[in-house]
2 protein chains.
Amino acid sequence: MENAVECSIEKALNIIGGGKWSFLVLRELFEGTKRFGELQKAINNISPKALTDTLRHLERNEIVIRTAYPTVPVTVEYSLSEKGHALHKILKEMKLWGGLNGRNIRGCLNSFCNIFNVNEPFFMGKR
Amino acid sequence: MENAVECSIEKALNIIGGGKWSFLVLRELFEGTKRFGELQKAINNISPKALTDTLRHLERNEIVIRTAYPTVPVTVEYSLSEKGHALHKILKEMKLWGGLNGRNIRGCLNSFCNIFNVNEPFFMGKR
DNA sequence: TTTAGCTAGTATAAAATTTATAGTAACTAT
DNA sequence: ATAGTTACTATAAATTTTATACTAGCTAAA
């Protein structure tokens with residue numbers, strides 16, 4: 001277990017989270033404070049467990065702040081810490097790139113697949 | 001299977017790859033053209049299968065260009081396409097953030113775990 | 001002429017992670 | 001009493017990732 005050397009990109013990735021949902025949770029929280037149910041509705045196909053795990057991970061890494069209010073039933077709000085807000089530039093560049101380079105590619109590949117009757121090549125695995 | 005709506009961030013993430021290795025492969029390729037063996041050596045703990053899968057994925061999405069030379073044994077080089085180069089800004093911001101916010105956190109948490117004898121809280125799962 | 005070594009991978013099974021599904025507490029509203 | 005709310009947890013099943021060994025097609029050394 002030699003974790004000695006770790007570049008800044010690895011550091012960032014490890015803190016943000018290896019999971020595939022972190023960036024999408026962050027995307028939602030950049031819009032402002034949100035509740036569990038709102039996040040679940042906004043993020044397509046995320047399971048409550050995956051959401052809980054992602055939020056806990058981000059919380060432990062001081063990116064997300066969890067605030068529980070003693071209402072009935074309990075109300076829990078999630079927001080970004082300062083460190084979390086600092087991630088905005090990454091997301092911004094990602095959005096820019098996705099907007100410029102992501103156009104129709106998925107649709108094209110899906111069409112390709114349909115026409116030639118081959119496996120969906122877009123993701124590395126099945127969904 | 002409704003893939004109808006997809007924000008730019010999702011587009012970017014889907015193209016870059018859900019896998020946990022894509023960003024690290026990209027990091028290496030920003031340094032210039034590299035070969036399979038070089039990438040494997042440079043990226044800690046990546047298995048040849050994971051590397052192959054990641055490279056194929058990036059290739060299919062036109063981010064990485066694979067060039068095979070008919071030498072003996074065969075020589076294969078991987079480099080970034082123009083679209084791949086355009087990802088540089090994302091990586092740059094990630095590196096910046098990681099440099100500023102990633103310092104010692106892992107070490108601190110590991111120490112915390114040792115002292116209080118709790119599970120490693122840094123990753124979402126076990127490694 | 002066996003032996004080992006190289007590159008760029010595959011094949012397979014085992015391990016780990018992620019998902020789906022159902023269920024929980026502790027209430028409120030009807 | 002019944003259904004509905006929120007923020008989750010538990011469990012097993014499905015999927016993904018990893019480890020391990022193996023391949024082709026050569027070269028270079030002993």
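Numbers restart at 1 for each chain; the letters A, B, ... are given by sequence-line order, proteins then strands.
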Please state whether the phosphate of C:dT19, meaning OP1 or OP2, lies under 4.0 angstrom from any side-chain nitrogen or oxygen of A:Trp21.
yes

Do the side chains of A:Glu38 and A:Lys41 get close enough for a salt bridge, i.e. N-O under 4.0 angstrom?
no

Could you work out, with side chain to side chain donor-acceptor pair (under 3.5 Å) as the rule, every residue matching A:Glu82, not counting sequence neighbours?
none

Generate the contact string for nucleotides 1-9 of chain C. Rules: B means base contact, S means sugar-phosphate contact only, - means no protein heavy atom under 4.0 Å.
-----BSSS

For A:Lys20 and C:dT19, is the shortest distance between a side-chain N/O and OP1 or OP2 below 4.0 Å?
yes

Here the distance between atom C1' of D:dC8 and atom NZ of A:Lys49, to the nearest Å, is 11 Å

Roughly, in whole Å, what's the span from CG in B:Asp53 to P in D:dT15?
17 Å

Please confirm whether the backbone N or O of B:Pro48 pairs with a side-chain atom of B:Thr52, one donor and one acceptor, at under 3.5 Å?
yes

Say whether, by atom type as modelled, one donor and one acceptor occur between the side chain of B:Ser8 and the main chain of A:Gly98 under 3.5 angstrom.
no

What is the distance, to the nearest angstrom, from the CD1 atom on A:Ile46 to the P atom on D:dA7?
14 Å

Please report, rounded to the nearest Å, how far the C1' atom of D:dA19 is from the CG atom of B:Asn45.
12 Å

What I want to find out is whether B:Glu77 reaches B:Arg35 closely enough, with some N-O distance under 4.0 Å, to be called a salt bridge.
no

Has A:His57 got a side-chain atom pairing as donor or acceptor with A:Ser22's backbone, closer than 3.5 angstrom?
no

